[in-house]
Amino acid sequence: MKQLSSRLNERIGDNLLTLVATAGMLFLYIPVLVLIVFSFNDNRSLTLPLRGFTLKWYEKFLSNSDMLTAIGNSLYVATVATAVTIVIGTVAAFALDRVTFPGKTVFRRLILLPIALPGIITGISMLNMFKLMGINLSLETVILGHATGLVSIVVTQVYARLQRFNRRIEEASSDLGARPWQTFFYVTLPNIRLALIGSALLSFTVSFDEIPVTFFLTGRDNTLPMYIYSTLRRGITPEINAVGTVIVVLSLGLIILSVYLLRQSEKE
Amino acid sequence: MNDIIQIRNVTKTYPGNVTAVDDLSLSVREGEFVTLLGPSGCGKTTTLRMVAGFELPTSGQIFLAGEDVTDRPPYERQVNTVFQDYALFPHMNISENVGYGLRVAGMAKADIKPAVDAALATVGLMDKAAVRPGNLSGGQKQRVALARALVRKPKVLLLDEPLSALDAKLREAMQVELKHLHEQLGITFIFVTHDQKEALVMSDRVIVMEHGRIVQSGTPSDLYDHPVKPYVADFIGNSNKLYGKIVSADAGQVTLQVGANSVQSTPGQTRYAPGDEVLATVRPEKVRLLADGEDTGNFSVIPGTVREVLFHGSSCRLEVDIGEGQLFDVDVQLERALHTSGIHGSGASVNLAINPDMVSVFPIAEDNV
């Protein structure tokens, strides 16, 4: 009897957990679903009932040259910021893992600080710096601003991977006659590749929809989030829903790609 | 024969003033199978890593085939290592692992393949060429690590406790295989282990180390029968310890008093005088049980009482009380034990006969144990 009731409790507990989890998921994803549905709805205002299927909002955003420029700017900023970050972050992670130098602890804390700093602080301080140095604001200053924050993402990921890395296989490589650069490209790099890809994808996404730092550091050029934000003053248009849907689909694609890559490498 | 490796007065000190290797000098002849034996922290692995080039000596020199390689990086030394955890490349399959050393040397793909195939054939893993290391058993990984090191045709193969991760059965099989491989290839092997049985089975020469220094270097039987220190007697095999005093010392033969018994020994060069406190060690299997009325010859005889009989399969161990509660272990081959089983029950009285040549004597001051 006791056994039965405990099993019953377990059953109820499981069901409750499923319920709560489902509710949480719905809360997170229903807005996204609404966005997608309304991007195909043949009505200017976002009200029910739905009026029928249309692709005209997609046509509209594809012919909106301001928006296309903004998307192009965002892709440019995210790509370059990610590339810069990966190089600097990887070098820094190696330094933290393998080199002993004075002030190493301070260096580690400092490099991780930007992730804890509000974007507003980063934005204002870099804005001051650029003004002091007499540098004009542009997409390139945005890239530098993003990179400072993203470096901490890459360093944490790559450093964590290096800490788990079996240094013996580098010794084995060297023992087998490989010069240091051969060991790096043939043995070290392939084994930390996933941490690199993972942090690159993450950096790209973070940079792509970053607002606060961009707000302070951009010149006349707008990135996509900034552009969307500026058009919101005139209310949410179905056009925004359309571009939102495209971003959702692309992000989903990126995530599935990264999961697939991770699975593949686990098989290895 | 030529010395393929010479280690001259090498010292390795780590930060914090930890001395891992202390003024060690050692020569290894070409084609020799040398084992560095000792407990963990005795400096054996550090010595090996300095020969490989992973660690630089604090002072001293290392010569490989007559060339000073002390400051050369690992990739410029013609030695290869089999690591304790194998250190196979997880992202490469077996043939890529084995061919790695040839690939980085710039060998053409067409030449690498036959060399890899031959190496895999040597270790019997032809069918695993396309498999990744993660899908191999410990024993198979071991073979891959061997093949990978051997494909470079090194002058010296360094083995850092390569068998310690294998189970007992497999370890014994691999010991024999390694020994065969050594004979077949004629390459110099330097093997590091803390397992004395392993060292005795495989080596031409065993070097016992303690606190970064060499305690004794010799053939396995040398070390076993004539240890120079109680440490060696203790580390290799089992020993009975008898504490006593020298009562007479002639040329080549000393007599010592152990409790109520007297024991003869033929010590090596060490000179003793009557009254010296000494420690004598005797191997359990070098003791014979005397049959009634048997002539003792020049053997020492110690009477005792059997306290315990432990069955070991091929042999039996008797724990014999030789007075004042001191227990003395005697190993008896089972066949002989059967013949004389009548007297070997617990509580039986026995006479132990000990060959003076099999008794090692040490001044008591040296005995730190």
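Below, chains carry the letters A, B, ... as their sequence lines are ordered, and counting in each starts from 1.
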Item checked: Residue part contacting chain A, namely of B:Glu76, when any heavy atom lies under 4.5 Å -> side chain
Notebook entry, point to check: Quick one: of A:Thr183, A:Asn191, A:Asn166, who has the most non-hydrogen atom pairs under 4.5 Å with chain B?
Noted result: A:Asn191
Item checked: Residue A:Asp175 versus chain B: region with a heavy atom under 4.5 Å -> both
Margin query: Working to the nearest 0.5 angstrom, can you tell me the gap between A:Gln182 CD and B:Arg103 CZ?
Written below: 8.5 Å
Next item on the list: Answer yes or no: does atom NZ of A:Lys104 have more than 12 heavy-atom neighbours from other residues, nucleotides or ligands under 6.0 Å?
Entry: yes
Item checked: A:Pro180 vs B:Tyr75 side-chain heavy atoms within contact, under 4.5 Å -> yes
Checklist line | OH (B:Tyr14) with more than 12 external heavy atoms under 6.0 Å | finding: yes
Next item on the list: Please say whether more than 12 non-hydrogen atoms of neighbouring residues, nucleotides or ligands are located less than 6.0 Å from CZ in A:Arg109.
Entry: no
Checklist line | Residues forming a salt bridge (Lys or Arg N to Asp or Glu O under 4.0 Å) with A:Glu140, sequence neighbours excluded | finding: none
Check: Contact part of B:Asn93 toward chain A, heavy-atom cut-off under 4.5 Å: side chain, backbone, both or neither?
Finding: neither
Next item on the list: Compare every heavy atom of B:Arg152 with every heavy atom of A:Gly177, then report the nearest pair and how far apart it is.
Entry: CA-NH2, 3.6 Å
Checklist line | Toward chain A, the part of B:Leu158 with a non-hydrogen atom under 4.5 Å | finding: neither
Item checked: Sequence-distant partners of B:Phe54, ring pair (Phe, Tyr, Trp, His ring centres under 6.0 Å), two or more places apart -> B:Phe83
Notebook entry, point to check: Hey, are the side chains of A:Arg179 and B:Val104 touching, using non-hydrogen atoms and a 4.5 Å cut-off?
Noted result: no
Next item on the list: Decide side chain to side chain contact (heavy atoms under 4.5 Å, CB included) for B:Tyr100 and A:Val187; before the verdict, give the C-alpha distance in whole Å, the side-chain angles of both, and the deciding distance to 0.1 Å.
Entry: CA-CA 10 Å; B:Tyr100 185 80; A:Val187 172; 3.5 Å; yes
Note to self: Rounded at 0.5 Å granularity, tell me how far CD in A:Glu171 sits from CG in B:Asp160.
What the structure shows: 9.5 Å
Check: Is it the case that more than 12 heavy atoms not belonging to A:Phe101 sit under 6.0 Å from its CZ atom?
Finding: yes
Margin query: Counting only non-hydrogen atoms closer than 4.5 Å, does B:Arg49 touch chain A with its backbone (N, CA, C, O), its side chain (CB onward), both, or neither?
Written below: side chain
Margin query: Can you tell me if B:Gln6 has over 12 outside heavy atoms packed within less than 6.0 Å of its CD?
Written below: yes
